[in-house]
Amino acid sequence: MVAMDPILADLNDSQIAAVLHGSGPLMVLAGAGSGKTRVITRRIARLLRDGVPSRQILALTFTNKAAGEMARRVQELGGSRVQVSTFHSSCARFLREHGHLLGFPRDFSIYDTYDRDSCIKLLMNEAQLDHSRVRPAQVGRRISQLKNLGYSPKDVVLGMGEIDEAVDRLFATYEETMLRLGAMDFDDLLGKFLEVLRSFPEVAESYQDRFRWLLVDEFQDTNRIQYEVCKRLLGDQGNICVVGDPDQSIYRFRGAEIRNILDFEFDFPDLVTVRLETNYRSTALILRAAIEVIRHNSERKEKDLRTNNPEGEPIVLHRAHGPSAEARRIATVIQELLDEGGDICEIALFYRSHFLSRGLEESLREFAIPYQVVGGLSFFERREIKDLVAYLRVIVNPADDVSMERVINVPPRGIGKKTMEKIRGMARQSGQPIYAAIAREDIRAQLSPRARKALTSLAEAFAEAKKLVKSAHQAMSYLAQEVGYLDYIGDLGDPEDVARRENVSELHNDAATFDRDIGEGLAGYLQHVSLITAADRKGEDIGRVSLMTVHAAKGLEFDHVFLTGLEEGIFPNSRVMLEGDVEEERRLMHVAMTRARKRLWMSHSRTRMIAGVLTRQEPSGFISEIPEDCLLRTSSMDPEGDGQAGQVWDEDHEVDYSQESQELEEGMRVKHRNFGRGTVMRLRGEGFKAKATIRFDKGGEKILILQYGDVQPITEEESW
DNA sequence: CCCGGTAAACTTTTT
DNA sequence: GTTTACCGGG
């Protein structure tokens, strides 16, 4: 073998086998940290070198981030023209070409979850469904779930319950409406494309002609629809390479099917399977702990994941009294890491649910440690951004009533509920979308003078902006100005407004960049924008600690990982437990632990603020699945813990230590979240040891440790 | 019609 | 504690 072959450099035997595998189906079962991205990218490079034209290769991933990373690495190996993208954006692109076969316009709108729910809300109003009983989002989620399983309105058999009843009444209407609006939701991007492939064999053939080599990353997270899209893209040719790890399947909640992996062997009998079982990422100790946890799953193929890495440090498991004690503890350790010269980009904090980020953020701010939250409310989900995008959608797709309804009275134009109903009625009667209706003089004439005037100028602005669709930036600038949106958010003053203005100008820059680099006009820009999501926020290398959910952490790795909020009900999540899927939670735990290269810190708190209520928490059951010799247990009460030695913990008055204790004086009126209002009788001690005796209006006198006590001074007005 | 107030419900993970 | 739904006065 030629030792210097750059494509095979630094690869082990299994990896080489996968890269060199010729034609025919290949399944790579790749344990955590075993170099699967490397295998995919090298394999692409190998195909290119062996003369496969780049346009014949299609590599599919789940996140834009993974796609971006893979595209970058393929490019480094010289394959710049290979299409590497997510399932959703590939399908969206294909649907622009062939969606017309199903009656969709080329420039259909792509609805995110929020838009979908807005649409459903409108339909619920129309159907006179009381949306205080059943919420649009619940109906939307259920419909999405059904579509992911491959159901359409006609073959759904529903269970009982108010949500299902609503779904029963609305599913078909929703589908019809989306078609009328020329809009697709995320599920449609996959589902409608599959429908095209199924219903139009000649189209399927054209794709089969084009794509001869298919590579699918994170195969364990594909759902049935995605799997069938793959099969139909492939046709009779068997050049498919899937890479995955059943132990890292964490998207069953959105329809992912581990069954795909089993079916794969059945559907492709001449399948070659390669196992990557050497972990190059974590210390031996971390890997051992992660494997022990996942071994508790019963529906699982035993696998042999090894490492040659050094044993490493034990996992530090910290027990904190309250959420802020946990957060402070973490910040303290991070500060120490940084003081020792650690790279801040190599530090990450994980949590099971978004709401847990807040406390961590507060404490990082307090310690002046720079951080970024990956995911959460993304840039494109902000209100002002969605408003502008909705305006632009209407230009490109005049049938898009949901976007039209969003913006018709933003900024306020005097179009209220009544007027809106009139407009809807007239639009319906004329069989036209709202956009077309308000463009008609005769329809506007039937409205109040005020509304008439506003809508005339709105219609004109749209008409003018339509001439600028060749440039996303120009169309946006014109419209935002003309329609009064800039003035609307212009009132500077509070920092909220400033942030909004900054967001809007960032959107302008983004559009300008798109015009310059891609240049597919407004329609192309909107498609691009609709598929960018939370986890894609660029730049991990900008000198910040990263905070993210465990889901968002998949595919990433860091030297130092803090796994927070390890409590029953949170991780494992109690709702998931109700559905009976502990095993998916355990896989999630496995994923989380295996992100760490050098050190892993885990923590839980004895109390937690959940929906505004301070609740008592038990440590996660997953902790006890880790071998005790892998753990170093600490707690806030330890003298060695965090320098806050020997504090007395008042079991009865267990409260959150949420803020710097305020300066209190004897005689001052204060309030407490549990005990209500009271008067400070006596103060003793200072700093961490400060205690106050407070006589509460109801319930007598108590001695509170101010560090923990949520004692706040109150103002004159509210004091009695 | 608009804006301000108060009541209610709510936190699972993502494209 | 936070965000959203509804109601009543300007």
Side-chain angles (χ1 to χ4, degrees), chain A residues 60-67 85-92 110-114 116-117 121 130-133 135-138 141 144-145 147-148 184-191 218 221-223 225-226 249-256 323 350-359 362 374-378 380-381 383 409-420 448 450-451 454 530-536 548-554 565 569-579 581 584-585 587-588 591-592 608-615 656 658 673 710:
Chain A
L60 296 172
T61 64
F62 276 84
T63 62
N64 293 296
K65 193 184 227 164
S85 63
T86 64
F87 265 99
H88 287 84
S89 63
S90 286
C91 290
I110 298 174
Y111 282 3
D112 66 13
T113 309
Y114 188 93
R116 176 195 73 190
D117 295 342
K121 192 172 170 188
D130 181 5
H131 61 254
S132 60
R133 294 179 66 86
R135 299 156 78 99
Q138 294 177 303
R141 257 198 303 271
S144 165
Q145 204 175 44
K147 293 214 272 198
N148 270 316
M184 296 198 204
D185 61 31
F186 284 144
D187 308 314
D188 289 335
L189 295 177
L190 306 167
E218 308 281 13
D221 285 328
T222 50
N223 62 27
I225 311 264
Q226 286 161 328
S249 168
I250 56 175
Y251 284 106
R252 248 186 65 163
F253 74 90
R254 69 169 204 218
F350 300 160
Y351 34 83
R352 174 63 235 266
S353 306
H354 282 301
F355 79 95
L356 293 167
S357 79
R358 177 176 300 270
E362 274 171 14
V374 179
L377 238 208
S378 95
F380 291 98
E381 286 165 349
R383 194 178 60 213
N409 200 34
V410 178
R413 297 192 174 86
I415 317 285
K417 211 172 160 187
K418 268 276 171 59
T419 314
M420 206 51 230
S448 71
R450 190 175 165 191
S530 305
L531 292 168
I532 299 233
T533 49
D536 306 327
M548 68 192 88
T549 64
V550 179
H551 283 86
K554 191 166 78 148
I570 288 180
F571 198 174
N573 177 285
S574 52
R575 296 208 177 196
V576 171
M577 301 295 276
L578 282 179
E579 289 157 30
D581 209 347
E584 176 143 312
E585 293 292 290
R587 290 192 293 272
L588 205 46
V591 168
R608 182 74 58 187
M609 200 60 106
I610 295 169
V613 182
L614 194 70
T615 43
D656 182 18
S658 60
R673 59 169 304 104
D710 192 11

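Chain naming here is simple, since letters A, B, ... match the order of the sequence lines and numbering starts at 1 in each. What you see below is based on every heavy atom in this structure, not just the backbone, and it leaves out hydrogens, waters and symmetry mates.
Between A:R575 and the phosphate of B:dT12, there is a side-chain N or O to OP1/OP2 separation shorter than 4.0 Å. Residue A:H88 has no polar side-chain atom (N or O) positioned under 4.0 Å from OP1 or OP2 of B:dT14. Contact annotation: A:K121 reaches the phosphate of C:dA5 (side-chain N/O to OP1 or OP2, under 4.0 Å). Applying the 4.0 Å criterion to OP1 and OP2 of B:dT14, one finds that A:T549 has a side-chain N or O inside that range. Look at A:S574 and you won't find any side-chain N or O under 4.0 angstrom from OP1 or OP2 of B:dT12.
Partners of A:R141 by side-chain hydrogen bond (donor to acceptor under 3.5 Å, both in side chains), not counting sequence neighbours: none found. With sequence neighbours left out, A:D117 forms a salt bridge (charged side-chain N to carboxylate O under 4.0 Å, His left out) with no residue at all.
Note on A:T113: a base of the nucleic acid sits closer than 4.0 angstrom, heavy atoms only. Nucleic acid contact class of A:Y251 (heavy atoms, under 4.0 Å, all strands): sugar-phosphate only.
A:S90 and A:S85 share a donor-acceptor pair across their side chains, judged by distance under 3.5 Å alone.
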All N/O contacts under 3.5 Å from nucleotides 2-6 of chain B to the protein, with atom names and distances to one decimal?
{"unit_1": "B:dC2", "atom_1": "OP1", "unit_2": "A:G414", "atom_2": "N", "d": "2.8"}
{"unit_1": "B:dC2", "atom_1": "OP2", "unit_2": "A:N409", "atom_2": "ND2", "d": "3.4"}

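Note: A:Y251 and A:H551 meet the aromatic proximity criterion, with ring centroids under 6.0 Å apart.
For B:dT13, the base has no donor-acceptor partner in the side chain of A:R254 [N/O atoms by modelled type, under 3.5 angstrom].
Taking the side chain of A:R358 as heavy atoms from C-beta on, and the options B:dC1, B:dT13, C:dT2, the nearest nucleotide is C:dT2.
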